[in-house]
Amino acid sequence: MLTDSYRHKGMRKSLVRIVQEKGIKDKKVLQAIDQVPRHFFFEKAFLEQAYQDKAFPIGEGQTISQPYTVAYQTELLDVRPTDKVLEIGTGSGYQCSILLQLTPHVYTIEYNEVLFHKANRQFQLMGLSPFTFLGDGSEGLPQHAPFDKILVTAGAPIIPKTLLRQLTLGGKLVIPVGDTGLQKMLRITRMGEDEFTKEVFGNFKFVPLLGKQGWQ
Ligand code: SAM
């Protein structure tokens with residue numbers, strides 16, 4: 001069982017300062033980064049690097065996103081305490097744990113079975129209870145829709161229409177879209193039944209979103 005020592009807490013404070021200097025302003029997001037022990041989600045080989053502002057391998061060819069990226073996406077999502085949120089791409093479970101600091105209603109879906117079980121074990125050890133699913137999240141989670149917020153943590157080739165249909169009115173989808181090398185961060189807001197606004201933010205590099213609406 002991993003411990004969260006004063007040393008880890010100190011390194012987290014420095015990480016909070018780093019993401020703040022890079023432009024993250026939302027106090028609740030910064031507080032969440034400060035609260036969640038990122039090293040709990042790391043492979044043994046990389047434990048010492050857990051508080052660097054970098055992405056790291058988590059096995060199965062996947063990565064835990066860079067803390068700045070996690071903070072950036074979470075800030076764009078603008079999570080309220082009553083929001084029902086869907087995360088697509090559970091991965092290590094770190095981003096999900098950040099979301100759980102902001103609302104208790106978090107649904108998360110992972111495509112890779114090994115990572116799904118690993119993240120579930122970690123949630124259990126930490127006493128966290130998101131609703132977890134194994135499957136193709138590129139189609140969302142229609143049986144549990146609608147969601148106030150949907151966050152995609154893998155790079156998509158297109159904006160999946162099925163995800164737009166799973167937003168509440170006023171709901172937001174944050175998704176990196178582009179080719180496999182580079183994506184633009186998009187925020188889509190559902191304004192009406194068939195009315196959506198799109199905002200385009202900076203460039204990011206995510207592992208590919210797989211599945212029916214992702215990369216085949
Ligand atoms: N959010 C994760 C974290 O905090 O560690 C990082 C996500 S990692 C950058 C992307 C994840 O998306 C990988 O775990 C990958 O297996 C998953 N993924 C890719 N395609 C998916 C799909 N169609 N449905 C669900 N998960 C998918």
Side-chain angles (χ1 to χ4, degrees), residues 15 19 29 32-33 35-43 46-47 49-77 79 85-102 106-123 126 128 130-144 147 149-163 166 173-178 180-183 185 204-216:
L15 182 60
V19 297
V29 174
I33 300 276
Q35 290 301 308
V36 178
R38 189 172 187 246
H39 63 289
F40 283 9
F41 302 88
F42 264 58
E43 298 269 285
F46 299 105
L47 264 182
Q49 284 112 293
Y51 292 101
Q52 293 183 8
D53 188 25
K54 285 184 185 164
F56 281 97
I58 53 171
E60 301 294 305
Q62 302 300 326
T63 53
I64 179 171
S65 302
Q66 180 183 350
Y68 171 68
T69 305
V70 171
Y72 191 91
Q73 286 199 294
T74 311
E75 189 168 72
L76 283 184
L77 210 58
V79 180
V85 179
L86 170 63
E87 180 201 19
I88 298 165
T90 316
S92 66
Y94 176 66
Q95 169 76 74
C96 178
S97 306
I98 294 284
L99 293 171
L100 282 166
Q101 297 285 317
L102 307 173
V106 180
Y107 293 67
T108 183
I109 178 163
E110 172 57 50
Y111 203 47
N112 181 288
E113 199 171 346
V114 173
L115 294 179
F116 168 78
H117 291 299
K118 207 165 154 187
N120 272 305
R121 273 196 301 278
Q122 194 51 48
F123 292 140
M126 294 173 71
L128 299 175
F131 300 98
T132 65
F133 300 83
L134 173 64
D136 180 7
S138 73
E139 304 223 283
L141 210 50
Q143 67 276 34
H144 293 282
F147 297 95
K149 308 285 160 65
I150 300 180
L151 175 61
V152 181
T153 68
I158 51 151
I159 304 167
K161 286 209 172 59
T162 162
L163 295 186
Q166 290 173 40
L173 163 68
V174 171
I175 180 168
V177 177
T180 50
L182 201 65
Q183 304 92 33
M185 193 65 75
F204 288 84
K205 184 172 168 30
F206 282 82
V207 295
L209 179 75
L210 305 174
K212 275 199 188 142
Q213 305 297 320
W215 296 96
Q216 302 290 314

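Since we're looking at a predicted model, the values are computed, not measured. One-based numbering, in listed order, for ligands and for the atoms of each.
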Geometric class of the Phe133/Tyr107 ring pair [parallel <30°, tilted 30-60°, perpendicular >60°]: parallel
Rounded distance (nearest 0.5 Å) linking atom CG of Leu128 with atom CD of Gln122: 8.5 Å
Identified side-chain hydrogen bond (donor to acceptor under 3.5 Å, both in side chains) counterpart of Gln95 within the set Thr108, Thr90, Thr74, Thr153: Thr74
Ring pair (Phe, Tyr, Trp, His ring centres under 6.0 Å) partner of Phe56, chosen from Tyr51, Phe46, Tyr94, Phe41: Phe46
Reported CG-to-CD distance for the pair Asp136 and Glu110, which is rounded to 0.5 angstrom: 11.0 Å
Go ahead and list the nitrogen or oxygen contacts between ligand 1 and the protein that come in under 3.5 Å, distances to 0.1 Å, or just say none.
unit_1	atom_1	unit_2	atom_2	d
ligand 1	1 (N)	Glu87	OE2	2.9
ligand 1	1 (N)	Gly89	O	2.9
ligand 1	1 (N)	Thr153	OG1	3.2
ligand 1	4 (O)	Gln95	N	2.9
ligand 1	5 (O)	Ser92	N	3.0
ligand 1	5 (O)	Ser92	OG	2.6
ligand 1	14 (O)	Glu110	OE1	2.8
ligand 1	14 (O)	Glu110	OE2	3.3
ligand 1	16 (O)	Glu110	OE2	2.5
ligand 1	20 (N)	Leu210	N	2.9
ligand 1	23 (N)	Asp136	OD1	2.9
ligand 1	23 (N)	Leu210	O	2.7
ligand 1	24 (N)	Gly137	N	2.8
ligand 1	26 (N)	Tyr111	N	3.2

Interatomic spacing from NZ in Lys205 to OG in Ser65 - rounded to 0.5 Å: 12.0 Å
